[in-house]
Enquirer: 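Dropping a structure here in structure tokens format, bear with me for questions.
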Amino acid sequence: MSFIEILDGLPLRRSALVQRFEELIAPKSDDALEAMAQTSRALTLQNFGRTMRLFAPLYLSNECINNCRYCGFSRDNPILRVTLDLEEVVAEGQHLAGEGFRQVLLVAGEHPKFVSKNYLAECVRALSEDFSSIAIEVGPMLTEDYAPVVCAGAEGLVVYQETYDRTAYGELHTAGPKRDFNWRLECVERGDDAGFRRLGVGVLFGLAQWQPDAIALAAHLEYLLKRCWQAQISLSLPRLRPAAGGFQPQFSINDRELAQLVCAFRITFPQVGIVLSTRERAPLRDALISLGVTMISAGSHTEPGGYTRQGSEHLHRTVRGRIVPPDFQDGEDELATGQFEISDERSPAEMASVLRRRGFDPIWKDWDQALAGV
């Protein structure tokens, strides 16, 4: 049975594992939540030890052909856009390597004209000397289009469904290939077929009610652990942050509920990685890293060229599909527009110090292709 069939039948049929997860995210007393937290901590230590993987996002392009009402890169937003050339990508990568990172996530809007399989493969190849682990988070592609990116050295693929609510998904994605819900839903499986050894999924909380989305994500994880059994699976639970376009979410998940959700996923999926980004405030991040999180970003920028101000020479705006020169407003920073605002602005070194004070070992590198004979 495909996951499309499982998802569409989820309101009527849920596995025993998903039913258990649903019970864990139901409202809990303080004592019950504390018991969950203790179990979650113990399972995390048992399966991951006192380690925390550190990574950084490297944005390649904010060009996009999709209209997504909540995203700063949305096609109709009059933002400053750029696609970094190879030299600029390398400069950004060298900066991150200088800060200690050996794991990087390449991020781009969906625009085949600018972000093709060949462009991605060239970027991966150029960065492979400095980074032992390279993952991509780009528009969904065919298996055969992923293959050259994998051959170039990428070993991770991240694809968030955003929301598993088909109605909400259709209302939020008004134009572009991202409107195809099923095409995106099956993207992780195509990536697995192409040879990615790490696969990441997630929900963007704020687009629909959080409980049904979390249940659907749990069902997706259960399916992927069986279907993509040779890959390492991770999940991310980002919440909406302010971005260009000014989208106002109608749904929310508070800090207590997010902490409960982390615990619920850890208890249900003891060996699955949980990623926490700089979208969240520093105090909350510090609290969550001891509950079940296994991988975090630090010192992040969500705009192409954000680390070293690369790409400023070819900034532009896109108006009705036409590239036009930028007309800078008074006081406007001459830098490409970011996808969203980050909340935790601590540097990688500061984040590593926080982890050590809390008894964790910051892990900058946990994989090398040379060890696998690749």
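As a basis for the values below, the full set of heavy atoms in this structure was taken, side chains included, without hydrogen atoms, waters or symmetry mates.
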Enquirer: Is the shortest side-chain N to carboxylate O distance from Asp286 to Arg346 below 4.0 Å?
Expert: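 Answer for the salt bridge query: yes.
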Enquirer: Using the rule that two of Ile, Leu, Val, Met, Phe, Trp, Tyr join whenever any of their side-chain heavy atoms come within less than 4.5 Å, decide whether Val107 and Val150 are in one cluster.
Expert: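 No, it is not one cluster - the side chains of Val107 and Val150 are not joined through contacts under 4.5 Å.
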Enquirer: Whether the Glu23 and Gln19 side chains hold a donor-acceptor pair (N or O, under 3.5 Å, no angle test) is what I'd like checked.
Expert: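 The answer is no; no qualifying pair exists.
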Enquirer: Might you work through the side-chain contact (heavy atoms from CB on, under 4.5 Å) test for Asp344 and Glu350, ending with a clear yes or no?
Expert: CA-CA 11 Å; Asp344 185 351; Glu350 289 173 320; over 6 Å; no
Enquirer: Would a distance-only check, ignoring hydrogens and angles, find a side-chain to backbone donor-acceptor pair under 3.5 Å from Glu92 to Val89?
Expert: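 Such a contact is absent between Glu92 side chain and Val89 backbone.
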Enquirer: Please work out which of the three classes, parallel, tilted or perpendicular, describes the rings of Tyr223 and Phe3, given edges at 30° and 60°.
Expert: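 Answer is tilted, since the angle falls between 30° and 60°.
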Enquirer: Which heavy-atom pair separates Val115 from Gly109 by the least distance, and what is that distance?
Expert: CG2-O, 4.0 Å
Enquirer: Tell me whether the guanidinium CZ or amine NZ of Arg190 lies under 6.0 angstrom from the six-membered ring centre of Trp183 and within 45° of its axis.
Expert: yes
Enquirer: List the steps, then state whether side-chain contact (heavy atoms from CB on, under 4.5 Å) holds for Lys365 with Ser133.
Expert: CA-CA 8 Å; Lys365 175 180 179 179; Ser133 174; over 6 Å; no
Enquirer: Is it the case that more than 12 heavy atoms not belonging to Glu137 sit under 6.0 Å from its CD atom?
Expert: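 Atom CD in Glu137 is crowded, with more than 12 foreign heavy atoms closer than 6.0 Å.
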Enquirer: Provide the full list of ring-ring contact (aromatic ring centres under 6.0 Å, His included) pairs with a residue in residues 13-40, sequence neighbours left out, each pair given once.
Expert: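 Checked against ring-ring contact (aromatic ring centres under 6.0 Å, His included) - neighbours excluded - the pairs reaching residues 13-40 are Phe21-Phe265.
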Enquirer: Look at the side chain of Thr302 and the backbone N and O of Gly338, then say whether any donor-acceptor pair between them is shorter than 3.5 Å.
Expert: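 Between the backbone of Gly338 and the side chain of Thr302 there is no qualifying donor-acceptor contact (under 3.5 Å).
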Enquirer: Is it the case that the ring center of Tyr59 lies less than 6.0 angstrom away from the ring center of His301?
Expert: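 Centroid distance His301-Tyr59: not below 6.0 Å, so no.
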Enquirer: Going by an N to O cut-off under 4.0 Å, is there a salt bridge joining Arg50 and Asp361?
Expert: no
Enquirer: Can you tell me which residue pairs pass the side-chain hydrogen bond (donor to acceptor under 3.5 Å, both in side chains) test with a partner in residues 111-131, sequence neighbours excluded?
Expert: Lys117-Asp145
Enquirer: Testing Glu110, His173, Arg75, Lys178 one by one against Asn66 for a side chain to side chain donor-acceptor pair (under 3.5 Å), which residue passes?
Expert: Glu110
Enquirer: So, do Ile4 and Phe181 sit near enough that their side-chain heavy atoms are less than 4.5 Å apart?
Expert: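 Answer no - side chains too far apart.
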Enquirer: Tell me whether Arg256 is salt-bridged to Asp30, with the criterion being a basic N under 4.0 Å from an acidic carboxylate O.
Expert: yes
Enquirer: What about Val159 and Val138, same hydrophobic cluster or not, with Ile/Leu/Val/Met/Phe/Trp/Tyr joined at side-chain heavy-atom distances under 4.5 Å?
Expert: yes
Enquirer: Identify whether the distance between the nearest side-chain nitrogen and carboxylate oxygen of Asp192 and Arg227 falls below 4.0 Å.
Expert: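 Counted as a salt bridge, because a side-chain N and a carboxylate O are separated by less than 4.0 Å.
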Enquirer: Can Leu43 be reached from Met52 by stepping across I, L, V, M, F, W or Y side chains whose heavy atoms are under 4.5 Å apart?
Expert: no
Enquirer: Flag this pair as yes if the NZ/CZ of Arg279 is under 6.0 angstrom from the six-membered ring centre of Phe340 and inside a 45 degree cone about the axis; otherwise no.
Expert: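 Yes, Arg279 lies over the aromatic ring of Phe340.
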Enquirer: Is it true that a side-chain atom of Arg317 and a backbone atom of Pro78 form a donor plus acceptor pair closer than 3.5 Å?
Expert: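 Flag set: sc Arg317 to bb Pro78 pair under 3.5 Å.
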Enquirer: Could Arg166 and Asp8 be called an ion pair, given the rule that one side-chain N must be under 4.0 Å from one carboxylate O?
Expert: yes
Enquirer: Centroid separation under 6.0 Å, is that true for the rings of Trp210 and Phe251?
Expert: no
Enquirer: Do Leu261 and Val275 land in one hydrophobic cluster if side-chain heavy atoms of ILVMFWY residues count as linked below 4.5 Å?
Expert: no
Enquirer: For Leu10, does its backbone N or O pair with a side-chain atom of Arg14 as donor and acceptor, under 3.5 Å?
Expert: yes
Enquirer: Would you say Asp213 and Thr163 are linked by a side-chain donor-acceptor pair, where the criterion is simply a distance under 3.5 Å?
Expert: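 The criterion, which ignores hydrogens and geometry beyond distance, is satisfied for Asp213 and Thr163.
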Enquirer: Same hydrophobic cluster for Leu235 and Leu225, using side-chain heavy-atom links shorter than 4.5 Å among ILVMFWY?
Expert: yes
Enquirer: Can you list the residues that meet the ring-ring contact (aromatic ring centres under 6.0 Å, His included) rule with Phe205, with sequence neighbours excluded?
Expert: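 ring-ring contact (aromatic ring centres under 6.0 Å, His included) list for Phe205, sorted by chain: empty.
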Enquirer: Assess whether atom CD of Gln211 is packed by more than 12 heavy atoms of other residues, nucleotides or ligands within 6.0 Å.
Expert: yes
Enquirer: May I ask you to check whether Thr308 and Gln310 show a side-chain donor-acceptor distance below 3.5 Å?
Expert: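 On atom types as modelled, these side chains qualify, holding a pair under 3.5 Å.
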Enquirer: So, are Arg285 and Glu280 salt-bridged, with charged N and O less than 4.0 Å apart?
Expert: no
Enquirer: Is it the case that Arg53 and Gln103 place a side-chain donor and acceptor less than 3.5 Å from each other?
Expert: yes
Enquirer: Minimum heavy-atom separation for Leu207 to Phe247, with atom names?
Expert: CD2-CE2, 4.1 Å
Enquirer: Under the 3.5 angstrom rule, does the side chain of Ser132 hit a backbone N or O of Arg102 as a donor-acceptor pair?
Expert: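 Looks like yes, one N/O pair under 3.5 Å.
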Enquirer: Looking at every non-hydrogen atom in both residues, tell me the closest pair between Val82 and Pro304 and how far apart they are.
Expert: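 Shortest heavy-atom contact: CG1-CB, 3.7 Å.
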Enquirer: Using side chain to side chain contact (heavy atoms under 4.5 Å, CB included) as the criterion, point out the one residue from Leu288, Leu258, Leu276, Val203 that pairs with Leu237.
Expert: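 The option that passes is Leu258.
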Enquirer: Looking at Tyr146 versus Phe196, is the centre-to-centre ring distance below 6.0 Å?
Expert: yes
